[in-house]
Amino acid sequence: DTAVSQTPKYLVTQMGNDKSIKCEQNLGHDTMYWYKQDSKKFLKIMFSYNNKELIINETVPNRFSPKSPDKAHLNLHINSLELGDSAVYFCASSPTRGGTIQYFGAGTRLSVL
Amino acid sequence: GENVEQHPSTLSVQEGDSAVIKCTYSDSASNYFPWYKQELGKGPQLIIDIRSNVGEKKDQRIAVTLNKTAKHFSLHITETQPEDSAVYFCAARGKNAGNMLTFGGGTRLMVKP
């Protein structure tokens, strides 16, 4: 069983569209994250979500919004997609807040045309 | 905030040789330093980590050293094998909101048979 699963694996869409990426973890972890990996492989934290407490990296545009229906899910919704949003997005989870031993999903490759 | 720099960006070694990847960090309050391995098309996976109260940690062919005074830490892989080929990321957890990880820029390691 996959510990952290993301869907879809690939997402191709037009500029201006709104899209969502789903993430689920079956590890019973308390904290989930979203990361963005650009074409140069830089991996940057976007959000940390723990027990309904959302911590946002201040550099993330407000077009990006995480939504957590329950502890096992943290979806990423993106409004008005731009070319620069093209990247691989990774979901991760950890047992507690604090970033220790994070388990990553396989990633969602988003291409904005 | 925390800034993590990683060198080299690419590293090519012959099978059986050793590989060393180095990282520096800026926040002297950082207390946790994990290393992740990312294989093609997959999410990063934790391979080893070290806490600030320890100077060295070893796990079979992999070792990590930490110099708190100089604010740098290194990954050492001995007897490299072709399956060690991947992108390696260092990270540091500083005193930020949510105790989130800051990642280095990554090192693409290629082990030639």
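First the proteins, then the strands, lettered A, B, ... as listed; each starts at 1.
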Verify the cluster assignment for [X] and [Y]: are they in a single hydrophobic cluster under the rule of side-chain heavy atoms below 4.5 Å apart?
X: B/W35; Y: B/M100; value: no
X: B/F73; Y: B/L11; value: yes
X: B/F33; Y: B/V87; value: no
X: A/W34; Y: A/V60; value: yes

With a 4.5 angstrom heavy-atom cut-off, is it the side chain or the backbone of [X] that approaches chain B, or both, or neither?
X: A/K9; result: side chain
X: A/Q37; result: side chain
X: A/Y35; result: side chain

Enclosure of [X] [atom1] (heavy-atom neighbours >12, cutoff 6.0 Å):
X: B/Q14; atom1: CD; answer: yes
X: B/E79; atom1: CD; answer: no
X: B/L40; atom1: CG; answer: no
X: B/M110; atom1: CE; answer: yes

Which atom pair, heavy atoms only, marks the closest approach of A/L43 to B/F89?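 That would be CB-CE2, 4.5 Å.
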
Heavy-atom contacts under 4.5 Å, residues 41-55 of chain B to chain A: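 Listed by number, the contacting residues are B/G41, B/K42, B/G43, B/P44, B/L46, B/D49, B/R51.
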
Test your reading of the model: is there a side-chain donor-acceptor pair from B/Y36 to the backbone of A/Q102, 3.5 Å cut-off?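 At least one qualifying donor-acceptor pair exists.
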
Could you go through residues 68-76 of chain A and list every donor-acceptor pair under 3.5 Å that involves a side-chain atom there, pairing it with any protein atom two or more places apart or in another chain?
unit_1	atom_1	unit_2	atom_2	d
A/S68	OG	A/D70	O	2.9
A/S68	OG	A/H73	O	2.9
A/D70	OD1	A/A72	N	2.9
A/D70	OD1	A/H73	N	3.3
A/D70	OD1	A/H73	ND1	2.7
A/D70	OD2	A/H73	ND1	3.3
A/K71	NZ	A/D30	OD1	3.0
A/N75	OD1	A/C23	N	3.2

Heavy-atom distance under 4.5 Å to chain A: side chain of B/Q6, backbone, both or neither?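 Neither part.
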
Can the ring centres of B/F103 and A/F42 be said to be less than 6.0 Å apart?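 No, ring centres 6.0 Å or more apart.
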
